[in-house]
Amino acid sequence: MDVNEFRKYGREMVDYIADYIENIRERTVVHGVQPGYMKELLPDEAPQKGENFSDIMKDIEKIIMPGITHWHSPNFHGYFAAGNSFPSILGDMLSDAIGCIGFSWATSPACTELEVITTDWLGRMIGLPKEFLHSDHGPGGGVIQSTASETVFLCMLAARNKIVNQIKAKNPHMDEMEIIAKLVGYTSDQANSSVPRSGMLGAVRMVKLQTDNTFSLNGVTLREAIEEDKKNGFIPFFLCASLGTTGTCAFDDLETLGPICKEHGIWLHVDAAYAGSAFVCPEFRKYMKGIEYAETLSTNPHKWMLIAFDCSVMWIKNSSYLVDAFNVDPIYLRHENEGRVPDYRHWQIPLGRRFRSLKLWFTLRAYGVEGIQQYIRRHCELAKEFERLILDDGRFEVVAETVMGLVCFKLKGDTILSEKLLEEIMATGKIYIIPAIVRDLYFLRLAICAERTTSEDIRRSFEVIKRATDRVMSMHFVIEGKHKPTIDIDISPLRLHGSCDEDEETSGTNGNHIGDVSPLR
Ligand SMILES: *Cc1c(COP(=O)(O)O)cnc(C)c1O
């Protein structure tokens, strides 16, 4: 492709994208294809000779779009919001064009420096203590990672390294593996699946502690676990607390957890992947009380701050724990300004890194703090509006407090009713929602996801649910046993109950066309 063709097709692509977003409501939000659909449409081998780009453009609607779930449709209510916005798309375009691999400051100073500045901006926007900011001139600061999952793994490894070094300093005869075998990390039974997984990957015990009836973990439970484990010769070293759990958007009680972590020298990591963005609004900061006890914290602007995947921001109070854990530093990677600016390659697992701060910068500037606040508040209001519709109907109950942009609800009565309801809803293809199971309670989650969702959209989504409910109520079926799996829709529920050693990927894949949604917990 030469530069003139690029100009031509670049403009066409931007127009295509603008039309796509502008008219996204008109598309069926749920894809309508069967597994393997694409194999029928494409040849087995790449073309020998280059093709005309206009032919490639034509295939987007024919081959790609039928297999797309439209995450940015106002009719999409699954999981959580997936960020996106026009400034973010433009930021990624420029980032791809510059195409630098910014593993050290010297490889493109702007890439590191903009990340330092924008992670500070974001940290201030959400009210973080200054120890988490680069501008504090201490060892703290922010960094953009790909995902919150990677971040929890990274922080767990840094914590592991710290405790191993501490213990070895006092007991030089002890072997590293011997120490690691005694470590125990904690999280709650509502934590995202990435937390127990990080224990598996890092070969340390990760115990899920029981939450209270609001799905929140508190200090009493943590203290009991620590005392019991210490008695048995284990070494508690890490806690991953959640602000805004994936299942119900519940908040762990940092104010009681934090001081206990401090007392026992436990590294507190806070996973605020979704809810962290809401702290831009001061009225939500009451949910982050106790944040000053955290060593590390992460939030995903690629969830709820209008930034396209991937952009997960992590802050650390003392980056030397990360750098010490991962610094290998061969000579060809060194440069003369080392130490004055972060070399982000030591703050992450990969060596290469994209220029992701561009989309963050574009978006924060284009919206301003007020624009982002407005967006968050509107989502929260729409969730409240949906909750009111659900409660006014009389046939539903809400199973967790609606704090942000998520409503968790079920039909009153037996589980099978809500299972049937989901089946009926998804069969319409009009809206997309997913179920979850928290401690044996099956319910449906409706998240406000699209940037331009309106009140009217919410009322329309509710109408779909209401009509599906009418149909379920007119059905006759026998209820045998409480949790008999009676539906063959195979959107796997988010399964959020369970104890520490249970692993429960319950994907019921049966080839149903709706069903290739992998379980997200
Ligand atoms: C979505 C989510 C995650 C995982 O985020 P990724 O960036 O996709 O790894 C982790 N924790 C919570 C609470 C989440 O909601």
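Please read these numbers as outputs of a predicted model, since none were measured by experiment. Starting from 1, each residue takes its place in the sequence as its number. The analysis underlying the following values was restricted to heavy atoms, covering all of them including side chains, and did not include hydrogens, waters or symmetry mates. For ligands, and for the atoms within them, numbers begin at 1 and follow the listed sequence.
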Candidate pair Tyr20 and His70, rule ring pair (Phe, Tyr, Trp, His ring centres under 6.0 Å), full reasoning | CA-CA 10 Å; Tyr20 172 70; His70 301 286; 5.6 Å; yes
For Ala273, counting its heavy atoms only, list the atoms of ligand 1 lying under 4.0 Å from any of them.
->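 Close to Ala273: 2 (C), 3 (C), 10 (C), 11 (N), 12 (C), 14 (C).
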Mind checking whether Glu150 has an N or O less than 3.5 Å away from an N or O of ligand 1?
->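 Between Glu150 and ligand 1 (N or O atoms, distance only) the closest approach is not under 3.5 Å.
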Element-labelled atoms of ligand 1 that are located less than 4.0 Å from some non-hydrogen atom of Gly244 =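 Atoms satisfying the 4.0 Å criterion: 13 (C).
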Specify side chain, backbone, both or neither for Thr147, according to which of its non-hydrogen atoms lie closer than 4.0 Å to ligand 1.
->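 The part of Thr147 near ligand 1 is both the backbone and the side chain.
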Using a strict 4.0 Å cut-off to heavy atoms of Asn300, name the atoms of ligand 1 that fall inside it.
->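 By the 4.0 Å cutoff, the relevant atoms are 5 (O), 6 (P), 7 (O).
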Is there a heavy atom of Lys303 sitting under 4.0 angstrom from any atom of ligand 1?
->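 Yes; Lys303 lies near enough to ligand 1 that a heavy-atom distance drops under 4.0 Å.
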Kindly say whether Leu306 contributes a backbone atom to a donor-acceptor pair with the side chain of Ser85 at under 3.5 angstrom?
->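 Judged by distance alone, yes, a pair lies under 3.5 Å.
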Do the side-chain N and O atoms of Trp105 and Glu113 include a donor-acceptor pair separated by under 3.5 angstrom?
->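 Yes - a donor-acceptor pair under 3.5 Å links their side chains.
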Between Ser277, Cys249, Cys281, which is the residue that forms a side chain to side chain contact (heavy atoms under 4.5 Å, CB included) with Met404?
->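 It is Cys249; the other options fail the test.
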Hey, does the Lys NZ or Arg CZ of Arg445 hover above the aromatic six-ring of Phe80, less than 6.0 Å from the centre and inside 45° of the axis?
->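 Here Arg445 passes the 6.0 Å and 45° test against Phe80.
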Would you please say whether a donor-acceptor pair under 3.5 Å links the side chains of Trp267 and Thr296?
->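 There is such a pair between these side chains.
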Considering the heavy atoms of Phe80, write down every atom of ligand 1 situated less than 4.0 Å from one of them.
->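 Close to Phe80: 15 (O).
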Does the ring centre of Tyr375 sit less than 6.0 Å away from the ring centre of His379?
->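 Between His379 and Tyr375, the centre distance is under 6.0 Å.
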Selection from Ala82, Ala148, Cys311, Ser194 by shortest heavy-atom distance to atom 7 (O) of ligand 1 =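 Residue with the shortest heavy-atom distance to the ligand atom: Ala148.
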Does ligand 1 have a heavy atom under 4.0 Å from the side chain of His302, from its backbone, from both, or from neither?
->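 Side chain only; the backbone of His302 stays clear of ligand 1.
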Purely on distance, is any nitrogen or oxygen of Ser146 under 3.5 Å from one on ligand 1?
->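 Not met; the criterion fails.
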